[in-house]
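Just below is one structure, and these are the notes that go with it.
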Amino acid sequence: MKIKLCGRELEFDQSVLEYNEFRQKFVGNMRSESKKYSDFYRENVWDFDTLYGNGLPRYSQMIADSRKFFIAVMQEYGVCEGVAQMIPDNSSIKNIINFYDYKASELENEAQKIIGHRAAHAGRRHYWEGGGFGLSGALKGALTAGALNMGADMLHGLGNAIGSASDHAKIRKMKNEIYMEKDHLELLLTGLESLYKDLLQTAVNILIRKNILKLPKFDSRQTEMAIDEAAGLIQTMTGDTREADYEKIMDLICEGVTHDPYYLNVYGILYIIPHTNHREIQEFAQYFGMEEACRAEKEIVVKHFADMIAQIPEDTILQIEEKIEEIKHIQQNYEDMDFDDNIVKLEEKKHKCIIESIAQIPEKTIPQIEEKIEEIKRIQQNYEDMDFDDNIVKLEEKKRKLHQAEIEEAWRQAALAEAKKKAQIWERRLEEDKNTSEPNVRQIQKYLEQKDMRSIWKLVTPSNVYAEYILEKYYEKTIAPAIDTIDAVQFNQEVSGIRMYAEHGILFARYLLSYVHLLFWSEGYKEQEKVKKLLGNCAKAADGGCISAMVFMSDWLGKSDTEFTPKLSKSRNELIETAAENQHPKAMWQYGIQCKGSAGDDLEEQAKARYYLAMSEYYGYIPPKKENTSSGCFITSAVCRTFNKPDDCYELTTFRTFRDNWLKNQPDGPKLIQEYYHTAPAIVEQIDKRTNHEEIYQFIWDRYLYFCIQLIEQQRFEQCKDRYIMMVNDLKERFCNKTVV
């Protein structure tokens, strides 16, 4: 029979072909079983327990199956009696099994000590049965004809028994060391290959003795001599080698193949010769079952060229280009050598080097960017396969942004300078207003110390709000005992002076008279009609321009519902701002707090806030003391932690004003506030334990508090209370696991 190899037809004896057909049975089955086992191993073995519980039982079954295959082949060729006794005693398999048996026994002994120690203390007998068959028996039994029908479950008992002691650190360590000691898959597959070689040799010997198969006359010595001579000629080959020399080399190789087609070096040397037909080499190797050997030899040759290529320097762009050309030359001569990946990587490295060289060019200023664009265009002309259009577009965009940034920075600096000028105006105004107001403040304080209220009344004018402020505070204090004792006679005596000024048409006196009567009659809202009338008088005074009335009505708007409060021409914020502009101490503090909360980075607003707060302090206004609600209060926590705001920020001041001036005056207000302070610490404690507590506080702000602020500002107090209750219920359910009221 003739077989093609590199353009030649090689003739082989019929005995070679028959032997090859028989040999292919074992080689083919070995490859099939190795593939199956490799797939099984990779899916089912990942540690010691799965190695002994899955990998080794399956391996033992595969060993048994190899014997079944041997017997089946022998029976196919008519050999039936005593086949099981003909199976060779493979030393490689024995060594592999002995290794795992020894390791398992070592581990079992250690585990027995632990279990025995525990059992002794527990007063009961331990168990370590290993499934009844044992590792050694299961694996070694697979080598005998009597174990051919052994099931894979026989090893599971031992695996599970060892597993029961896996809680012990020493056992776990020993297991891990056994599993990590070797590449078990490679070891087991090597043993399987050795086993099939022994089975093949045994089968061939049996069939030859029985005259069923004729052993071909292989002459490995002749093959070796021919291959060595061909190798010597190859070493002397150069780029000028004649075609006749190639032909002589091929003749020697083909001569060697005909003497022994299973000689390994034949397939390696074929790959060294340039311009050989590698497809025919592979087909030839496949026919004789030498694909794996051929592939291994090919990998050696490929590695040789890969090592040679790896030694070529590639530190500069020029070296990389020279290396690419050398690789392409190798691929032209050895068409089965695939170094395309190397070329791709080198091209990528070249591109990367070029990109890095471009990246090193500075681009911080517009002139630098323009120079860089010109350099990129020059590089692009030299390397047409590289596209830097995107880089140029980005640089143009960066240049545009830098130009725009320069313009914006100029505008920003101009705006900053303007803001500083405006801030300085407020700072100068602060000093000027303090100096201007000082004589008036000193005079009023002197009259107050002398209790000369008549002189202070004479100073009351629309422009002297401080006189109004002092009189209002004075009468609040003097009528307090009468209010506490509900003494109408004493109350009327104290306010008789106010009534006199009111009768003379002084607007502030009319407001003050209504205000002090409100303090007396509004306790519990028992006289609602009187309260409404008095509120109406205060509202008229506020609309008429009385600054003190404006401050009072702004406070009232923050704590009362719209039905009970008369209509005013200005909103609450407008009232506060107007009163602050007219130097009312309390209004200036309130307005200053608002400005501070909304100022942000605005220098003018910051200066404005400082002005009003400083003037309020100058006039002697003392802000109301805040209740210590920061600790355990999730509203304060949410705002302060999320936005890093101070405790006296606008938002918290607004919440406290809502609580103190409106909520606590509602029928269910005190109960809600009490429930809040009872629940809040537990909620905050639970939130702070969470790793995402900042996200939770942000959620509380976004879902509830932001809208509460808006509702308060719009004087929609009932809706604010409803959302507040919804918030408390939600947080109680989430973090306290309580049913809400």
Side-chain angles (χ1 to χ4, degrees), residues 5-7 227-254 264-285 291-361 375-389 391:
L5 177 63
C6 297
I227 296 303
D228 286 348
E229 185 177 352
L233 290 172
I234 290 172
Q235 290 178 357
T236 63
M237 287 175 64
T238 65
D240 300 327
T241 302
R242 295 174 302 169
E243 183 67 26
D245 294 324
Y246 282 107
E247 293 300 322
K248 185 175 181 181
I249 292 170
M250 290 306 305
D251 289 341
L252 287 169
I253 293 174
C254 290
L264 192 61
N265 289 352
V266 169
Y267 301 94
I269 201 169
L270 282 169
Y271 279 98
I272 300 176
I273 306 170
H275 308 300
T276 51
N277 190 328
H278 292 155
R279 181 177 296 178
E280 283 193 2
I281 295 173
Q282 293 169 1
E283 291 175 353
F284 185 85
E291 305 101 299
E292 297 297 329
C294 182
R295 190 177 298 112
E297 290 299 312
K298 175 186 173 183
E299 289 174 358
I300 293 173
V301 175
V302 172
K303 186 177 183 304
H304 164 74
F305 282 105
D307 291 342
M308 183 184 72
I309 291 169
Q311 293 174 6
I312 302 174
E314 53 182 70
D315 298 325
T316 66
I317 295 173
L318 182 60
Q319 288 176 340
I320 292 172
E321 290 174 340
E322 291 175 351
K323 190 167 186 174
I324 290 173
E325 291 304 315
E326 180 64 24
I327 293 173
K328 289 180 178 178
H329 176 71
I330 292 171
Q331 289 197 149
Q332 286 175 355
N333 291 331
Y334 302 94
E335 59 187 39
D336 204 42
M337 298 291 174
D338 182 9
F339 292 109
D340 288 342
D341 286 346
N342 299 67
I343 294 175
V344 169
K345 289 177 181 177
L346 286 169
E347 290 286 358
E348 289 175 352
K349 186 172 183 179
K350 182 181 75 172
H351 290 185
K352 185 178 178 182
C353 288
I354 294 171
I355 291 169
E356 286 176 352
S357 68
I358 292 173
Q360 291 173 3
I361 302 173
E375 179 63 18
I376 290 174
K377 289 179 179 178
R378 186 190 65 78
I379 292 172
Q380 199 158 250
Q381 288 176 352
N382 295 332
Y383 298 96
E384 296 180 357
D385 61 326
M386 296 189 71
D387 181 9
F388 291 107
D389 288 342
N391 300 68

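Scope of the values below: all heavy atoms of this structure, side chains included, with no hydrogens, waters or symmetry mates.
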>> Can you list everything that forms a side chain to side chain donor-acceptor pair (under 3.5 Å) with D228? Sequence neighbours excluded, please.
In response: none
Distance check, rounded to the nearest 0.5 Å: [X] atom [atom1] versus [Y] atom [atom2]?
X    : Y    : atom1 : atom2 : result
L346 : H351 : CG    : NE2   : 11.0 Å
M308 : I327 : CE    : CD1   : 9.0 Å
I379 : I358 : CD1   : CD1   : 4.0 Å
M250 : L233 : CE    : CG    : 12.5 Å
K349 : Q319 : NZ    : CD    : 9.0 Å
E321 : T316 : CD    : OG1   : 8.5 Å

> Looking at I253 and A230, what are the two nearest heavy atoms and their distance?
Replying inline: CG1-CB, 3.9 Å
> Which heavy-atom pair separates E314 from I320 by the least distance, and what is that distance?
Replying inline: O-CG1, 3.6 Å
> Do NZ/NE/NH1/NH2 and the carboxylate oxygens of R378 and E375 come within less than 4.0 Å?
Replying inline: yes
>> Can you list everything that forms a salt bridge (Lys or Arg N to Asp or Glu O under 4.0 Å) with D389? Sequence neighbours excluded, please.
In response: none
> Given I309 and K323, is the side chain to side chain contact (heavy atoms under 4.5 Å, CB included) satisfied, shown in steps?
Replying inline: CA-CA 8 Å; I309 291 169; K323 190 167 186 174; 3.7 Å; yes
